[in-house]
Amino acid sequence: MNEDLDMLEKSALNDYKYGFTTKIDTDIIPKGLNEGVIELISKKKNEPEWMLAWRLKAYAYWLKLTEPTWANIKHPPINYQDIIYYAAPKQKEQLNSLDEVDPELLRTFEKLGISLNEQKRLTGVAVDVVMDSVSIATSFKEQLSEIGVIFCSISEAIQKHPELVKKHLGSVVPMTDNYFAALNSAVFTDGSFCYIPKGVRCPMELSTYFRINAENSGQFERTLIIAEEESYVSYLEGCTAPMRDENQLHAAVVELIAMEKAEIKYSTVQNWYPGDKEGKGGIYNFVTKRGICQGDYAKISWTQVETGSAITWKYPSVILKGDHSIGEFYSVAFTNHHQQADTGTKMIHLGKNTRSRIVAKGISAGQSQNSYRGLVRASKGAINARNYSQCDSLLLGDKCGAHTFPYIEVKNKTAIVEHEATTSKIGEDQLFYCRQRGIDAEAAVALIVNGFAKEVMNQLPMEFAIEAQKLLTISMEGSVG
Amino acid sequence: MLSIKNIHANIDGKEILRGINLDIKAGEVHAIMGPNGSGKSTLASVLAGREEYEVTEGTVTFLDKNLLDLSIEDRAREGLFLAFQYPVEIPGVSTTNFIKAAVNEKRKYHGQEPLDALAFLKIMKEKMALVEIDQSLLSRSINEGFSGGEKKRNEIFQMAMLEPKLAILDETDSGLDIDALRIVANGINKLRNENRAILLITHYQRLLDYIQPDYVHVLYNGRIVKSGTKELALELEEKGYDFITDETDLAAKE
Ligand SMILES: Nc1ncnc2c1ncn2[C@@H]1O[C@H](COP(=O)(O)OP(=O)(O)OP(=O)(O)O)[C@@H](O)[C@H]1O
Ligand SMILES: [Mg+2]
C-alpha cells in the first residue's frame with residue numbers, strides 16, 4: 001500500500017524545514033575572484049600542478065565571456081566579486097572513520113535525515129557528503145573498493161587517481177562549454193567521483209548529499225562518473241541549504257561517461273532553499289549536466305525532482321554517440337511563490353539506431369514561472385534515430401506561468417521525432433470530487449499533483465521516491481488559494 | 001435526518017432551485033424524478049456544498065446540524081455521500097489510494113485511528129464482493145479510462161467503503177447495461193438499512209423495480225411539484241411527465 005496518507009499528514013510541516021544553519025568553525029577565504037584566489041583554492045587542496053594550470057586556463061576563458069541571457073529567467077546582476085569561493089568546515093585533514101567527524105556536523109546530517117552510519121548500512125546506500133566546498137565523509141568505501149568501484153570525493157580522486165581524472169575531466173563538458181561551466185572549471189572545490197570497472201554491477205545506490213552552509217559562499221561542485229563496459233551504477237544526489245536573505249550561487253558541473261553496454265542512472269532530488277514567499281533570498285542553481293553514451297548499447301538516464309532554488313537553469317543532456325545507445329530524461333519541476341525554473345534536456349543523436357525519451361512535468365503555483373526547454377538533434381549519421389518527448393504542465397492558480405520551448409533539429413530522413421505537450425489546471429470538478437469524499441482542498445491538490453508527477457517519481461529508486469513525494473507535498477503548502 | 005426547507009439556489013445569477021421542501025428520515029429511500037434540466041443535479045450539488053451555487057433562501061438541517069454552515073469536506077465526513085452523475089478522472093491517483101485517503105480522513109474527523117494497510121485491505125475485499133467490482137479496476141487511476149458503467153460501479157463501491165448516513169445517487173443507473181444495473185441495484189439494496197437514508201435521482205422506473213422507494217417526488221422547474229409513493233413512478237412511466245408539468249404550468253399561469 002502507498003504512503004500517500006502519512007505523507008499528507010506530515011505535510012502539515014510547513015515551510016522550508018532544512019533552513020537551519022550549522023554553527024561550526026569554517027575555514028573561509030575572503031570574497032572575490034582572481035588568479036590568486038584560484039591558486040589559493042588549489043593550494044588548500046594540495047593539488048598537482050596540472051590541475052592548477054587547468055583551472056587558470058578556464059578562468060582566463062571565463063573572463064572573456066558574458067553571462068547568458070537567453071533563458072526565461074530574471075534576476076539582478078550577480079556580483080562575482082561578492083562571493084566566497086572557498087568555505088570548508090574545519091576538521092582534520094584526512095578522516096579515517098566516521099567517528100572522527102565533528103559531532104556537530106553529524107547532527108546536521110541527522111537533522112537532514114541523512115544518517116552516515118548504521119542506518120544507511122541497512123538500506124544499502126553509500127553516501128558522500130559535501131558541505132560548502134569540501135567533501136566531509138564517504139561511507140562504504142572499503143566494501144566498494146573490494147569490487148573495484150571507486151567512490152570518493154573529486155579532491156581525493158585528483159590525488160589518488162590522477163590518470164582517470166586527467167583523462168575524463170572536461171571531456172563531456174569542456175571548460176569552454178558555457179559561462180557557468182567555465183566558472184566552475186576555474187573554482188570547483190569538491191564533488192563526487194565514481195568509477196565502475198568493466199563488468200561490475202554496483203551493488204548499492206551511490207549518493208551524494210550537498211549542503212551549502214556558510215554565508216555569502218557559492219558552491220561549485222564537480223561530479224564525474226565513469227562506467228566502463230558492461231557496468232551499471234545508480235547514483236543519487238540531494239541538496240539543501242539554510243534560509244538566507246541574500247541569493248547564493250550554485251554552479252555545478254556533472255559529467256557522465258558510459259562505455260559500451262554500460263548504464264548510468266542519475267537521480268536528483270533538488271531542494272535548495274527557494275527563497276521566501278516574497279521572493280527574497282534563495283539559491284541560483286545554474287548547473288551543467290551532461291552524459292555521453294560513448295559505446296554501443298550504452299544507456300544514460302536522468303531523473304530529476306526539482307522543488308527548490310530561487311532560479312533553476314539546467315538541462316541534463318545525453319550525447320548518443322554509440323550505436324543503439326539510449327538516453328532518457330524524466331523531470332518534475334515544481335515552482336511556487338516567485339521561483340523561476342528554466343529546465344529541460346538535450347538529446348544529441350549521433351549514432352545509428354539511437355533512442356531517446358523525454359518526460360517532463362512542470363507544476364507551477366503562486367507567481368512562479370516554469371519553462372521546459374529541450375533540444376532533440378538527429379545528426380546525419382543518426383540513422384533510424386528515435387525520440388519521444390512529452391511535456392505536461394499543471395497550473396495551480398492563475399498568476400503563474402508554464403512555457404514550453406522545444407527545439408528539433410533533424411538532419412536525416414530516417415529519424416523520427418515525436419513531441420507532445422499538454423497544459424492543464426486542477427479542475428474545480430476534481431477538487432469538488434475529492435472534497436465530497438472528505439479530502440480537504442490542500443490534501444486534494446497534493447494528491448492530484450503527486451498523481452500528475454507519478455510517471456517520473458516511479459523512475460526514482462524506491463526510498464527516494466517516497467522522500468521526493470513528501471518533498472513535493474511540503475513544497476506545495478500554501479499554494480491552494 | 002435531512003430536512004430541506006424552502007431552498008432557493010442560483011448559479012451565475014440564474015435561479016435554478018425555486019423553493020424546495022423535502023424531509024427524509026433514517027432508513028427511508030426517496031426517489032427524485034423529473035425532466036432534463038429541472039434541477040435534480042443542482043439539488044444534489046447544493047446539498048454537497050458545491051461553491052458555484054449560491055443559496056439565496058432556505059435552510060437545510062442534517063443530523064441536527066445546519067448543513068449549509070459546513071464545508072464540503074465536513075459534510076462528507078458527517079456522512080453525506082454523493083454518487084456523481086459524471087465522476088471525474090484524476091490521472092495518476094490510484095483508486096485504492098484515493099479511497100484509503102477518503103476513509104482515513106473521515107476516521108480522523110471522528111477521532112479514530114487511521115486504518116492500516118491490512119485492515120483497509122480486508123474491508124476493501126468485503127465491499128468489493130458486495131458490489132461485485134473487479135480488483136484490477138481499483139489499482140488503476142481513479143475513473144481514468146473507466147467505461148461509463150465502471151465509473152458508476154466505482155461510485156457505489158466508494159459508498160460501500162464510506163458507509164454514509166445519507167447517500168445521494170445521481171443517475172447511478174444511467175449508462176448501465178442490464179446486468180450491471182442489476183448488480184449495482186443489488187449492491188445498493190445491500191447497503192440499505194434502518195440507519196441510512198438514500199436519495200435516488202433517476203429517470204427510469206427500471207431502477208425502482210429493483211430498489212423499491214418509500215417515496216417518489218417529481219422535480220420540475222426548480223420545485224417539487226408532486227410527491228407520492230412508488231405508484232407515482234409507475235404512473236409517470238405510463239403517462240410521461242406531461243400530465244404533471246402541464247398541470248403545473250397551467251397553475252402557474254392562473
Ligand atoms: N453554470 C450554469 N449557468 C447557467 N445555467 C446552469 C449552469 N449550470 C446548470 N445550469 C442550468 O440549471 C438547470 C438545472 O440543471 P441540472 O443539472 O440540475 O438538471 P438535471 O435535473 O440534473 O438534469 P438531467 O436530468 O439532464 O441530469 C439546467 O437548465 C442547466 O442548464
Ligand atoms: Mg442531472
Side-chain angles (χ1 to χ4, degrees), chain A residues 1-12 330 332 334 359 361 363 390 392-394 396 420 422-459 465-466 468-469 472-473 480-481, chain B residues 44-45 47-53 71-84 86-110 114-121 124 139 141-144 155 158-159 161-162 164 168 170:
Chain A
M1 222 39 53
N2 191 291
E3 301 281 328
D4 275 358
L5 259 214
D6 307 347
M7 173 189 103
L8 294 179
E9 277 155 23
K10 279 185 196 145
S11 73
Y330 296 96
V332 171
F334 176 81
V359 179
K361 305 264 182 182
I363 304 152
Q390 185 192 327
D392 299 322
S393 310
L394 185 67
L396 313 184
E420 282 178 32
T422 65
T423 300
S424 53
K425 277 190 166 194
I426 291 193
E428 281 303 321
D429 288 347
Q430 286 176 328
L431 274 182
F432 181 59
Y433 190 78
C434 294
R435 295 181 67 190
Q436 207 301 306
R437 297 298 185 254
I439 301 166
D440 65 43
E442 192 132 332
V445 170
L447 210 61
I448 295 167
V449 167
N450 273 307
F452 174 78
K454 194 172 184 175
E455 193 182 346
V456 172
M457 296 297 205
N458 283 348
Q459 296 294 327
I466 293 166
Q469 216 178 26
L472 200 54
T473 304
V480 189
Chain B
S45 296
L47 293 175
R50 183 139 197 169
E51 281 149 350
E52 286 91 330
Y53 296 90
S71 66
I72 302 170
E73 51 272 17
D74 283 351
R75 295 179 195 202
R77 294 161 184 167
E78 286 287 347
L80 186 147
F81 178 88
L82 172 60
F84 287 76
Y86 306 107
V88 299
E89 305 186 351
I90 310 178
V93 178
S94 92
T95 307
T96 307
N97 283 333
F98 178 81
I99 297 176
K100 191 178 175 208
V103 167
N104 281 336
E105 287 288 341
K106 183 174 178 188
R107 293 181 66 90
K108 191 159 92 191
Y109 181 79
H110 291 284
L115 288 178
D116 61 40
L118 218 64
F120 179 77
L121 220 60
M124 213 169 82
S139 53
S141 294
I142 188 147
N143 294 325
E144 198 183 28
E155 294 291 289
Q158 291 180 51
M159 170 181 167
M161 289 298 294
L162 288 163
I168 304 167
D170 193 356

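A note on names: the letters A, B, ... follow the listed sequences, proteins ahead of strands, and every chain is numbered from 1. Source: prediction; values computed, not measured.
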Which bit of Phe452(A) is near chain B, if near means a heavy-atom gap under 4.5 Å: side chain, backbone, both or neither? backbone
Where does Glu428(A) contact chain B at under 4.5 Å (heavy atoms): side chain, backbone, both or neither?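 Contact with chain B is through both the backbone and side chain of Glu428(A).
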Among all residues two or more places apart in sequence or in another chain, which pass the salt bridge (Lys or Arg N to Asp or Glu O under 4.0 Å) test with Glu144(B)?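 Partners of Glu144(B) under the salt bridge (Lys or Arg N to Asp or Glu O under 4.0 Å) test: none.
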Answer yes or no: is there a donor N or O on one side and an acceptor on the other, between the side chain of Gln436(A) and the main chain of Leu82(B), under 3.5 Å?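 Pair found, side chain donor or acceptor close to backbone of Leu82(B).
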Do you know the tightest heavy-atom contact between [X] and [Y]?
X         : Y         : value
Val93(B)  : Leu447(A) : CG2-O, 3.2 Å
Ala48(B)  : Phe432(A) : CB-CZ, 3.7 Å
Gly438(A) : Ala76(B)  : N-CB, 3.6 Å
Leu162(B) : Arg437(A) : CD1-CD, 3.8 Å
Ile90(B)  : Cys434(A) : CD1-SG, 3.7 Å

With only heavy atoms counted, which part of [X] is less than 4.5 Å from chain A, the side chain, the backbone, both or neither?
X         : value
Asn143(B) : side chain
Ile72(B)  : both
Ile99(B)  : neither
Glu78(B)  : neither
Arg50(B)  : both
Pro164(B) : neither

Go through the steps to decide whether Arg435(A) and Glu105(B) satisfy the test salt bridge (Lys or Arg N to Asp or Glu O under 4.0 Å), and finish with yes or no. CA-CA 10 Å; Arg435(A) 295 181 67 190; Glu105(B) 287 288 341; over 6 Å; no
Quick one: of Gly49(B), Gly92(B), Pro87(B), who has the most non-hydrogen atom pairs under 4.5 Å with chain A? Gly92(B)
Just verifying a value: how many Å separate Glu155(B) CD and Tyr433(A) OH, rounded to the nearest 0.5 Å? 3.5 Å
CG (Leu431(A)) and CD (Glu73(B)) are apart, to the nearest 0.5 Å, by 10.0 Å
With heavy-atom distances below 4.5 Å as the criterion, would you say the side chains of Asp440(A) and Arg77(B) are in contact?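 Sidechains of Arg77(B) and Asp440(A): in contact.
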side-chain contact (heavy atoms from CB on, under 4.5 Å) partners for Tyr86(B), two or more places apart: none
